[in-house]
Amino acid sequence: MINKKALYILFGGILVFTFVYLYYVKQQRQEAIARYLPDPQKGDIYKIKQEGAVFYLQVKTVAGGSVFFYHGAISAYAASDILLKHFDSTDVIHYDKSELQAIRNGRWDDEEHGHTSLVDITRPVKN
């Protein structure tokens, strides 16, 4: 028979590990946003959450104060990130840098856009 005390310690350890891991992931994402948002580059991938759904944008070009993106081919409420990182090269949208800052700061909350927030930015490693 398993000792109750050992079970509580195991359960507590799992909870502590989960909280520490989630905190670490959140910090890494915030650092990536702070590092890459001011200087977008071709190929950067923006993970955006809008009213519970997640979708991706990939930077096509940066021109003046605007950033042009390929829109993700699909979006989902609970899909693997691998499935969402396919982009439609015929669907190009753009945002100016002030809109991207508003998304980052959680202030892009209106009828047209719903509650939209920037979750993460990844920059592909160049060989």
Side-chain angles (χ1 to χ4, degrees):
M1 178 132 185
I2 297 177
N3 184 351
K4 279 187 175 183
K5 185 177 180 180
L7 201 57
Y8 287 134
I9 291 172
L10 177 64
F11 182 69
I14 291 170
L15 281 177
V16 168
F17 172 79
T18 302
F19 285 121
V20 169
Y21 175 75
L22 292 175
Y23 177 79
Y24 173 77
V25 168
K26 183 178 180 181
Q27 290 299 109
Q28 291 297 314
R29 288 178 170 180
Q30 289 174 345
E31 287 175 15
I33 290 169
R35 187 177 327 120
Y36 299 137
L37 187 64
D39 182 33
Q41 294 181 6
K42 181 179 180 175
D44 286 357
I45 298 173
Y46 288 54
K47 182 177 183 178
I48 297 178
K49 184 173 158 185
Q50 184 175 28
E51 296 182 351
V54 174
F55 64 93
Y56 289 84
L57 301 172
Q58 183 178 41
V59 175
K60 177 186 176 193
T61 57
V62 179
S66 293
V67 182
F68 293 84
F69 294 95
Y70 294 123
H71 200 281
I74 58 175
S75 66
Y77 287 92
S80 169
D81 287 350
I82 295 169
L83 298 176
L84 297 175
K85 291 184 180 179
H86 297 281
F87 301 95
D88 183 358
S89 61
T90 63
D91 185 11
V92 178
I93 57 175
H94 79 281
Y95 298 112
D96 62 39
K97 291 185 179 181
S98 65
E99 288 177 306
L100 292 175
Q101 282 294 336
I103 293 171
R104 174 190 183 187
N105 298 329
R107 292 190 310 250
W108 211 29
D109 192 359
D110 57 25
E111 253 183 58
E112 180 183 351
H113 301 105
H115 180 70
T116 303
S117 60
L118 181 57
V119 176
D120 194 13
I121 299 175
T122 56
R123 180 163 288 166
V125 178
K126 295 180 181 177
N127 295 331

Let me confirm one number: the [atom1]-[atom2] distance from [X] to [Y], rounded to the nearest 0.5 Å.
{"X": "Leu100", "Y": "His94", "atom1": "CG", "atom2": "NE2", "value": "10.5 Å"}
{"X": "Tyr95", "Y": "Gln101", "atom1": "OH", "atom2": "CD", "value": "15.0 Å"}
{"X": "Ile33", "Y": "Leu118", "atom1": "CD1", "atom2": "CG", "value": "4.0 Å"}
{"X": "Ile45", "Y": "Arg123", "atom1": "CD1", "atom2": "CZ", "value": "11.5 Å"}

Contacts table for residues 58-69: side-chain donor-acceptor under 3.5 angstrom, sequence neighbours left out:
none

Given side-chain contact (heavy atoms from CB on, under 4.5 Å), test Leu10 with Ile14 step by step and report yes or no. CA-CA 6 Å; Leu10 177 64; Ile14 291 170; 4.2 Å; yes
Over all atoms of both residues, closest heavy-atom pair of [X] and [Y]:
{"X": "Phe87", "Y": "Leu57", "result": "CE2-C, 3.8 Å"}
{"X": "Pro38", "Y": "Ala34", "result": "CD-O, 3.3 Å"}
{"X": "Pro40", "Y": "Asp44", "result": "CA-OD2, 3.7 Å"}

Kindly work out whether a path of hydrophobic side-chain contacts (I/L/V/M/F/W/Y, heavy atoms less than 4.5 Å apart) joins Val119 to Tyr36.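 In one cluster: no.
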For Tyr70 and Val92: C-alpha separation, side-chain torsions, deciding distance, then whether side-chain contact (heavy atoms from CB on, under 4.5 Å) applies. CA-CA 5 Å; Tyr70 294 123; Val92 178; 3.9 Å; yes
Apply the test side-chain contact (heavy atoms from CB on, under 4.5 Å) to residues Leu7 and Lys5: give CA-CA distance (whole Å), side-chain angles for both, the deciding distance (0.1 Å), then the verdict. CA-CA 5 Å; Leu7 201 57; Lys5 185 177 180 180; over 6 Å; no
Check which hydrophobic residues are tied to Val16 through side-chain heavy-atom contacts below 4.5 Å, counting indirect links as well, and list them.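 Its cluster partners, ordered by chain and number, are Val20.
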So does Gln27 get a backbone contact from the side chain of Gln30, meaning a donor-acceptor N/O pair under 3.5 Å?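 No, because the side chain of Gln30 does not come within donor-acceptor range (under 3.5 Å) of the backbone of Gln27.
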Does the Asp91 side chain pair with the main chain of Asp88, one donor and one acceptor, at a distance under 3.5 Å?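 Not at all, since once roles are kept as given, no pair shorter than 3.5 Å links the two residues.
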Taking atom NZ as the centre, does Lys97 end up with more than 12 heavy-atom neighbours from other residues, nucleotides or ligands that are less than 6.0 angstrom away?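 More than 12 heavy atoms, drawn from other residues, nucleotides or ligands, come within 6.0 Å of this atom.
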Can you confirm whether Ile48 sits close enough to Val54 that some side-chain heavy atom of one is under 4.5 Å from a side-chain heavy atom of the other?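 No; the side chains remain at least 4.5 Å from each other.
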Does the plane of the ring in His71 sit parallel, tilted or perpendicular to the ring in Phe55? Use 30° and 60° as the thresholds.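 Parallel: the ring planes of His71 and Phe55 meet at under 30°.
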